[in-house]
Chemist: 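This is the structure I have questions about; it appears just below.
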Amino acid sequence: MAAHTNADRAISAMSQLSARFFNYVQGAEFYRDLHQQAVSLLPPGSGSLWFDVGCGPGLVTRLAAEHGYQATGFDMDPTMIVQAKKNSSDELSISHYEVISIDELQTLGGKANVVSAASLLFVLNDKERALHQLLSCLVDGGILLVIETTDLMKPRNAWAWLLQNGFGNRNWILLLWAWTRANGRSVTPTDMNISDHRIERTDLLEGLVSAWLLSKC
Ligand SMILES: C[S@@+](CC[C@H](N)C(=O)[O-])C[C@H]1O[C@@H](n2cnc3c(N)ncnc32)[C@H](O)[C@@H]1O
């Protein structure tokens, strides 16, 4: 029983650490800029709905709200949602947050004009299933925005970018991001190739990251 309690405490501490870490990352200048550029690939919202899945501390959700959407961030980790709510409380644009896993999206009942997933596919094993789950939350004519690092996200390329653009304003985090990607498999154009959907790819951060827009043909 005591061991179970200790395990729970350890998981909770890891979760808190992870939320703080992602919050720190989301405050890096390059990180905010590239996500801002990705969000501005979509037309201004004028009150239409945006779901941000795997929102972490809520950067893309807040940017979507600033872009005129009624934005809701979803994450399976309750500590991420607590952090996201804290972050949004200082903002003028209102955004909402809910603890929910990608597997439970169907239970929402509602659909959105835009669904986004930033750095979510990388952490999920079955990327095709995840893409179908995300697409199933779109209204007819809706758009899915996926933001993921590319094969170019390597420590040497991150270093070159930092030498050119500066390490300040938390930009050094880019190097850490590249290290975390060193042993994983990047999301590829083949992953994004879903039948009956048109794909538009925009390179960000000199090609280290791509924003993908998917919509039904
Ligand atoms: C790498 S972080 C990215 C956070 C944020 N989107 C960003 O770009 O900074 C991945 C996030 O996805 C969440 N996540 C992982 N698996 C998930 C799942 N199955 N359903 C919902 N969220 C998930 C994690 O809790 C974490 O907050």
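Whatever order the structure lists ligands and atoms in, that order sets their numbers, starting from 1. On a predicted model such as this, the values are computed, not experimentally measured, just so you know.
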Chemist: Atom 24 (C) of ligand 1: which of Val60, Leu59, Asp75 has the nearest heavy atom?
Modeler: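 That would be Asp75.
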Chemist: What protein heavy atom sits nearest atom 20 (N) of ligand 1, and how far away is it?
Modeler: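 Among all protein heavy atoms, the one nearest atom 20 (N) of ligand 1 is Ile102 N, 2.9 Å.
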Chemist: Would you mind checking which non-hydrogen protein atom is closest to atom 7 (C) of ligand 1, with the distance to 0.1 Å?
Modeler: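 Nearest neighbour among protein heavy atoms for atom 7 (C) of ligand 1, to 0.1 Å: Tyr31 OH, 3.2 Å.
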Chemist: What part of Leu120, side chain from CB on, backbone N/CA/C/O, both or neither, has a heavy atom under 4.0 Å from ligand 1?
Modeler: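 For Leu120, the contact with ligand 1 is made by the side chain alone.
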Chemist: State whether the shortest distance between N or O atoms of Asp77 and N or O atoms of ligand 1 falls below 3.5 angstrom.
Modeler: no
Chemist: If the cut-off is 4.0 Å to any non-hydrogen atom of Met80, which atoms of ligand 1 fall inside it?
Modeler: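 Reading through ligand 1 atom by atom, the close ones are 27 (O).
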Chemist: Does a salt bridge link Lys85 with Glu91, judged by any charged N lying under 4.0 Å from a carboxylate O?
Modeler: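 Answer for the salt bridge query: no.
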Chemist: Just let me know how Cys55 lines up against ligand 1, side chain, backbone, both or neither, with a heavy-atom cut-off below 4.0 Å.
Modeler: backbone
Chemist: Just by distance, with hydrogens left out, do Gln37 and Asp33 show a side-chain donor and acceptor under 3.5 Å apart?
Modeler: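 Asp33 and Gln37 do not have a side-chain donor-acceptor pair below 3.5 Å.
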Chemist: State whether the shortest distance between N or O atoms of Gly54 and N or O atoms of ligand 1 falls below 3.5 angstrom.
Modeler: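 In this structure, Gly54 places an N or O atom under 3.5 Å from an N or O of ligand 1.
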Chemist: Quick one: do Ser93 and Arg62 satisfy side chain to side chain contact (heavy atoms under 4.5 Å, CB included)? Show the steps, please.
Modeler: CA-CA 7 Å; Ser93 328; Arg62 293 193 303 280; over 6 Å; no
Chemist: If you count the atoms of ligand 1 from 1 in the order shown, which ones are under 4.0 Å from a heavy atom of Gln26?
Modeler: 5 (C), 7 (C), 9 (O)
Chemist: Taking Lys216 for the side chain and Gly141 for the main chain, is one N or O donor matched with an acceptor at less than 3.5 Å?
Modeler: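 No.
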Chemist: Can you see whether Tyr31 has Arg170 sitting over its ring - NZ or CZ less than 6.0 Å from the centre and within 45° of the normal?
Modeler: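 No; the conditions do not both hold, so Arg170 does not lie above the ring face of Tyr31.
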Chemist: Could you check if a side-chain atom of Trp50 sits within less than 4.5 angstrom of a side-chain atom of Asp52, using non-hydrogen atoms only?
Modeler: yes
Chemist: May I ask you to check whether Arg9 and Asn6 show a side-chain donor-acceptor distance below 3.5 Å?
Modeler: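 There is such a pair between these side chains.
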Chemist: Output every pair passing salt bridge (charged side-chain N to carboxylate O under 4.0 Å, His left out) with a member in residues 116-138, not counting sequence neighbours, ordered by first then second residue.
Modeler: Asp103-Arg129
Chemist: Mark up the atoms of ligand 1 that fall under 4.0 Å of a heavy atom belonging to Ser101, in ascending order.
Modeler: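 Under 4.0 Å from Ser101, ligand 1 has these atoms: 20 (N), 21 (C).
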Chemist: For atom 10 (C) of ligand 1, which protein heavy atom lies nearest, and how many Å away is it?
Modeler: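 Of the protein heavy atoms, Ser119 O, 3.7 Å lies nearest.
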Chemist: Heavy atoms only: which of Ala118, Ala130, Gly56 is nearest to atom 3 (C) of ligand 1?
Modeler: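 That would be Ala118.
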Chemist: Is any N or O atom of Phe22, backbone or side chain, closer than 3.5 Å to an N or O atom of ligand 1?
Modeler: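 Such a contact does not occur with ligand 1.
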Chemist: Please write down residue, atom name and distance for the protein heavy atom closest to atom 17 (C) of ligand 1.
Modeler: Met76 SD, 3.1 Å
Chemist: When the aromatic ring centroids of Phe167 and Trp161 are compared, is their separation below 6.0 Å?
Modeler: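 Judged by ring-centre distance (under 6.0 Å), Phe167 and Trp161 do not meet the cut-off.
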